[in-house]
Amino acid sequence: MIDHANVKLGKKAAVFDPRTLKLANYLLPAIPAPPPIVDWSNNIDRWGAMANDRIGDCAIAAPGHMVMSWTSNNGATKVIPDSEIVAAYSALSGYNPRNGANDNGANMLEVLKYWQKTGIGGTKILAFASVNQNNAEAVKQAVHLFGSLYIGVELPASAQGKDHWDVTGPLTGNNRPGSWGGHAIPIMSYDEKYYVVTWGNLIPMTQAFFDAYCSEAYVALSGDWVSSGKMAPNSFDLASLENDLGLITG
Amino acid sequence: VKAARLLLIFIVESGKPSPAAGALLSDPYFAVGNGKLIPPDSLWAKGHRYRAYTSASVAGNGPISSIYAQPIAAAGSYPLVIIMNADTSDWLNKSPADMKLPPNVAGMKALLGKYTVNP
């Protein structure tokens, strides 16, 4: 059970950069429907909050959990220490861990650029692309092909205290998107629901909740998921993913 | 000789949805991953792997087109399945009849039983 008494959020409002690659431009016409069930959580039972139980670093904690999942499905699990997650958050946001100043969250697109250029906890991504969150098939295919999906949700106040996220009524009052705040989380799995890691726990989210509250979504192509000459856990190699993504990585 | 681990390549024709192929591949037998959601009798849980493509994504001069050109030519039509030894990449189902998609999971298991002891 999640102790919601002190959890933090920390996703700043979505920023849309027209230069961001769009997965749909590369992927969707060329591949069939995604598998019916995908689960990359690999039975990890201790995700760790990665400091998001005390500061608003969710936009950095989510990549930390993605690295855990990628590496656990591809060999030895790598856990980025909280100190390195916080260091990346500080670099991006100006957060001062000594006095707590500037704990104002981070922007997901800026995090992705930082992850690609500078790295988080010694890991870098090769590329990233935005995913149309209004296309459920694209969302599922992204989780399948890239091992996770980095999403932003505008949480309603009614989600507080819940370990199962579903729409509980009209999107007004405590159900209004953003009435609690913005939160960045990774999708690790899906069946008829999505499963996301938040505050150290894997919890289910219904399609209705996703549709109502998800505001941005990105795939990241990582060497922790697939490296040259080695097949990814989903059986795709880098050439196949590049073929589908249409990217030259480097 | 039957392979311990298979790699299956499903290819459907671009722009021509195959309801039969769609129904087959949407069965939980084709769940993917290493977590608790994966049924224990699924293809994945038995150690096999698969990929699904459309004809467009394996055509032309792309990085993977040459890999499947010979089996696609042998099959003669879509949708098709290429059964490979996952450890050696040897192409196993060279009979065109065995490259057609079975109508259901039971048929799929029967087909795979020709090429692995663990369908």
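Letters A, B, ... are given to chains in the order of the sequence lines, protein chains preceding strands, and every chain is numbered from 1.
- If you take CG on B/Asn34 and OG on A/Ser72, they are separated by 7.5 Å, rounding to the nearest 0.5 Å.
- The neighbour count for B/Gln70 CD, taken as heavy atoms of other residues, nucleotides or ligands under 6.0 Å away, does not exceed 12.
- Considering only heavy atoms from C-beta on, B/Tyr29 stays 4.5 Å or farther from A/Pro36 through its side chain.
- Looking at B/Tyr50, the atoms closer than 4.5 Å to chain A (heavy atoms on both sides) sit in the backbone and in the side chain alike.
- Residue B/Lys2 qualifies as enclosed at atom NZ: its count of foreign heavy atoms under 6.0 Å is above 12.
- Within the structure, salt bridge (Lys or Arg N to Asp or Glu O under 4.0 Å) contacts touching residues 199-215 of chain A (residues at least two apart or in different chains) do not occur.
- Shortest non-hydrogen contact noted between B/Trp44 and A/Pro233 is CH2-O, 2.5 Å.
- In this structure, A/Lys78 places its NZ atom where more than 12 heavy-atom neighbours from other residues, nucleotides or ligands lie under 6.0 Å away.
- When each of B/Ala86, B/Ser18, B/Gly22, B/Ser26 is scored by its heavy-atom pairs under 4.5 Å with chain A, the top score falls to B/Ser26.
- In this structure, the side chains of A/Tyr190 and B/Leu37 stay at 4.5 Å or more apart for every pair of heavy atoms.
- Between A/Ile37 and B/Ile38, the closest side-chain pair of non-hydrogen atoms falls below 4.5 Å.
- In this structure A/Ser158 satisfies the side-chain hydrogen bond (donor to acceptor under 3.5 Å, both in side chains) test together with A/Asn175, sequence neighbours excluded.
- Of the inter-residue distances, the one linking A/Asp45 atom CG with B/Lys36 atom NZ reads 7.0 Å to the nearest 0.5 angstrom.
- Nearest heavy atoms, A/His144 versus B/Val32: CD2-CG1, 4.0 Å.
- With a 4.5 angstrom heavy-atom cutoff, A/Tyr195 touches chain B only via side-chain atoms.
- Checking side-chain atoms of A/Asn42 against main-chain N and O of B/Gly35 turns up no donor-acceptor pair under 3.5 Å.
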